[in-house]
Amino acid sequence: MPQRNVVSWTALMCGYLQNGDAKTSLSLFSKMGRSTVKPNEFTLSTCLKASGILGIAESGMQIHGVCAKSDFDWVPVVGNSIIDMYSKCGKVGDAERVFNTMAVRNVISWNAMIVGYTNGRSGEEALNLFRKMQEKGEVPDGYTYSSTLKACSCVGSVGKGMQIHAALIRQRFPYLAQSAVAGALVDLYVKSGRITEARRVFDRTEKKSVTSWSSLILGYAQEDNLPEAMHLFKQLRESRYKLDGFVLSSLIGVFADFSLLEQGKQMHAYTIKVPCGLSETSVANSVLDMYMKCGLTDQAEALFREMAARNVVSWTVMITGYGKHGIGNKAIQLFKEMQENGVEPDSVTYLAVLSACSHSGLINEGQRYFSSLCDNSHSKPQIEHYACMVDLLGRGGRLKEAKDFIEKMPMKPNMGIWQTLLSGCRMHGDVEMGKEVGDIVLSLDGNNPANYVMMSNIYADAGYWNECEKLRDTVKRKGLRKEAGRSWVEIDKEIHVFYNGDGMHPLIEKIHQVLKEMEKRVKEEIGYVHNVNFALHDVEEESKVESLRVHSEKLAIGLVLLRRGLKGERMIRIFKNLRVCGDCHTFIKGLSKVLKTVFVVRDANRFHRFENGLCSCRDYW
DNA sequence: CACCTGGTGC
């Protein structure tokens with residue numbers, strides 16, 4: 001048996017840690033503790049790092065104890081590792097205590113604490129510390145700058161970030177040669193919507209990193225500049241930089257948001273071929289979500305079942321997706337299954353399952369899950385969960401109960417909660433309560449056009465034309481405009497966007513021709529007539545029937561029918577930024593029967609799957 | 001042997 005000293009133990013621990021095996025590194029430390037060999041400062045900092053990576057506070061605290069007992073805790077390397085370990089384990093308070101009582105602090109201690117504050121508590125505190133360290137005469141380095149810039153972005157203060165940027169230039173700090181600093185700047189500008197500024201820094205960066213590529217690509221995507229995002233992605237792919245899961249999952253997330261199925265499918269194929277692709281859970285999750293948001297539940301389900309590792313996000317994607325498709329039972333089944341698999345639902349998962357219950361009218365189940373959330377030790381109900389419950393009760397027609405629920409809430413109800421109740425009032429034609437709730441909503445925000453539209457719809461449904469007219473006048477007087485209705489459809493990988501009343505499309509005449517013909521056929525089949533009440537969704541004064549005919553979802557459908565003729569694919573997917581109107585809903589139902597075609601319409605709230613004259617929302621949305 | 005920037009579900 002060869003002699004083993006502290007150096008050999010430590011070297012081995014370092015080796016495992018570098019190979020990404022923090023667990024073995026830690027167990028080596030406890031094994032060493034049972035021998036006669038005593039750890040030195042390097043051993044201690046190594047296993048503190050391992051605890052931090054694993055996020056195991058218990059073992060970290062134990063090691064902290066060992067450090068204190070062996071008088072190593074005052075050594076800077078060890079002290080800094082302790083700070084880092086506590087902040088990685090989510091115990092900023094402990095990190096702070098160690099930091100404040102440290103005898104010897106170096107720039108690394110300050111840096112570690114700045115990161116701790118940013119991740120664990122607040123960017124404000126991180127920024128304060130940044131100021132304080134300079135007051136104490138400490139000179140910030142690249143680590144300081146990148147972490148502090150992140151803190152600026154967390155508190156949403158571009159101004160502070162720009163000041164730092166200016167200071168870097170003034171001091172001739174070589175930030176363009178340090179990828180982390182330049183990357184943090186790019187990300188800060190991206191997150192604050194200054195894409196041009198971000199691009200300028202990116203282009204000048206000498207040492208780019210995948211991180212800054214990733215930030216920039218997402219930045220373009222977020223401002224709807226998909227061509228530029230794709231162009232950059234292509235460049236990145238052809239460059240010497242190694243693609244990673246971050247870039248892929250962000251890009252696929254964008255395809256999901258825009259429901260770009262063809263692009264998404266192509267990227268799915270790509271993720272199978274690259275090492276950083278589908279095997280990473282986050283990438284697979286983004287693909288799942290993409291299929292769900294494009295309406296392809298079966299594809300998503302298949303992929304979900306064959307995924308190597310599923311985390312809470314994977315389950316939540318599926319539950320949310322099924323919920324939005326109105327398949328509440330499936331959502332509930334998955335929620336149970338995930339718990340059987342030992343995956344703990346978080347607050348987003350609860351939101352998903354509650355909203356699934358709501359969309360499928362499963363009131364009792366929803367109430368059961370809400371109370372299980374109240375009893376849950378990991379997460380507690382937040383205002384969004386309360387809103388879900390109001391929606392659940394309101395949709396179910398239990399308006400009085402919903403109102404009581406709001407009044408008994410432990411937090412102050414926000415406008416969204418009252419808006420939810422208001423839409424329940426509309427659904428069930430309760431003008432009395434609608435009036436009451438409408439007053440509350442308008443008092444909370446009298447400049448939100450959606451509030452007036454909802455109220456005017458309640459009055460219109462009940463035939464109170466005078467009240468309706470009054471509201472319209474108010475909207476006009478205040479000069480409020482509702483978000484323009486917009487629908488889009490993907491044909492041959494190309495996106496065609498239509499706005500309500502859009503007359504700009506080169507094929508608009510032919511689109512109207514097709515739509516008129518379809519109206520005739522649907523009318524013959526199911527006796528469809530325009531329901532002019534829905535015209536009140538539009539604040540503009542147009543002939544009602546005419547204005548219904550130019551709803552963007554109808555125009556998009558018209559284009560698809562024109563392009564594919566009456567043959568072609570048996571499933572047509574349309575996307576809309578607002579909720580689909582009742583008239584269009586009836587029309588599409590009829591169309592699905594007449595053309596023997598499935599229409600999947602994703603609106604602002606949920607999916608509608610129209611098949612053989614029926615819709616998956618059961619006319620209840 | 002310590003400290004840094006980007007992503008997926010609401």
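The sequence lines fix the lettering, A, B, ..., with proteins before strands; numbering per chain opens at 1.
The distance between atom CD1 of I164(A) and atom C1' of dT5(B), rounded to the nearest whole Å, is 13 Å. For the pair W315(A) CH2 and dT8(B) P, the computed distance is 22 Å after rounding to whole Å. The distance from atom CG of L168(A) to atom C1' of dT5(B) is 14 Å, rounded to the nearest whole Å. Counting to the nearest Å, the P atom of dG9(B) and the CZ atom of F335(A) are 19 Å from each other. At whole-Å resolution of the value, CG in D289(A) and P in dG9(B) are 5 Å apart. In this structure, the CG atom of N80(A) is 9 Å from the P atom of dC3(B), given to the nearest Å. Per the geometry, NE2 belonging to H268(A) stands 19 Å off P belonging to dT8(B), to the nearest Å. Distance, E384(A) CD to dG9(B) C1': 14 Å, rounded to whole Å.
Nucleic acid contact for G245(A): base, since at least one base atom lies under 4.0 Å from a heavy atom of the residue. Contact annotation for V247(A): base contact, defined as any heavy-atom pair under 4.0 Å involving a base atom. Within 4.0 Å (heavy atoms only), V190(A) reaches no atom of the nucleic acid at all. Residue contacts shown for T148(A) are absent, as no nucleic acid heavy atom lies under 4.0 Å away. At the heavy-atom level, L218(A) lies under 4.0 Å from the strands shown only through sugar-phosphate atoms. Across all strands, V115(A) comes closer than 4.0 Å only to sugar-phosphate atoms, never to a base (heavy-atom distances). V210(A) comes within contact range of at least one nucleobase, with a heavy-atom separation under 4.0 Å. When heavy atoms are screened at a 4.0 angstrom cut-off, D244(A) is found touching base atoms of the nucleic acid. Looking at heavy-atom distances under 4.0 Å, T46(A) makes no contact with the nucleic acid at all. Nucleic acid contact for K207(A): none, since no nucleic acid atom lies under 4.0 Å from a heavy atom of the residue. Contact annotation for N311(A): no contact, since no heavy-atom pair falls under 4.0 Å across all strands. Within the nucleic acid shown, T349(A) comes within 4.0 Å of at least one base atom, counting heavy atoms only. At a threshold of 4.0 angstrom between heavy atoms, the contacts of S250(A) are confined to the sugar-phosphate backbone, with no base atom among them.
The side-chain ring of Y143(A) is stacked on the base of dC3(B), judged by centre separation under 5.5 angstrom and plane angle under 30 degrees.
Donor-acceptor pairing under 3.5 Å is recorded for the side chains of T349(A) and D346(A). T43(A) and T10(A) form a side-chain donor-acceptor contact under 3.5 Å, judged by distance and modelled atom types alone. Between the side chains of H165(A) and Y175(A), a donor-acceptor pair is found at a separation under 3.5 Å. A donor-acceptor contact closer than 3.5 angstrom links the side chains of E96(A) and Y117(A).
Considering only side-chain atoms of K324(A), the nucleotide from dC3(B), dC10(B), dA2(B) that sits closest is dC10(B). For K88(A), taking side-chain heavy atoms from C-beta onward, the closest of the listed nucleotides dA2(B), dC1(B), dC4(B) is dC4(B). Of the candidates dC3(B), dC10(B), dT5(B), the closest approach to any side-chain atom of S146(A) belongs to dT5(B). Distances from the side chain of D84(A) to the nucleotides dT5(B), dC1(B), dC3(B) place dC3(B) closest. Picking from dT8(B), dT5(B), dC1(B) the nucleotide with the shortest atom distance to the side chain of S249(A) gives dT8(B). For D187(A), counting side-chain heavy atoms from C-beta on, the closest listed nucleotide (dG6(B), dC1(B), dC3(B)) is dG6(B). Counting only heavy atoms from C-beta on, T211(A) has its side chain closest to dG6(B) among dC1(B), dG6(B), dC10(B). Distances were taken from every side-chain heavy atom of D141(A) (C-beta onward) to each of dC3(B), dC10(B), dT8(B); the shortest belongs to dC3(B).
Of the side-chain N and O atoms in K208(A), none sit less than 4.0 angstrom from OP1 or OP2 of dT5(B). When the side-chain nitrogen and oxygen atoms of K293(A) are compared with OP1 and OP2 of dC10(B), one or more of them lie within a distance under 4.0 Å.
Counting distance only, with no hydrogens placed and no angle test, the side-chain atoms of T316(A) and the base atoms of dG9(B) include a donor-acceptor pair under 3.5 Å. Below the 3.5 angstrom threshold, one finds no donor paired with an acceptor across the side chain of S147(A) and the base of dC4(B). Within 3.5 Å, a donor on the side chain of N106(A) pairs with an acceptor on the base of dA2(B), or the reverse.
Aromatic pair Y189(A)/F202(A): centroids not less than 6.0 angstrom apart. Ring centers of W213(A) and F233(A): at least 6.0 Å apart, outside the cut-off. Annotation: Y145(A) is in aromatic contact with F173(A) [ring centroid separation under 6.0 Å].
Between M133(A) atom CE and N128(A) atom CG the span is 13.5 Å, to the nearest 0.5 Å.
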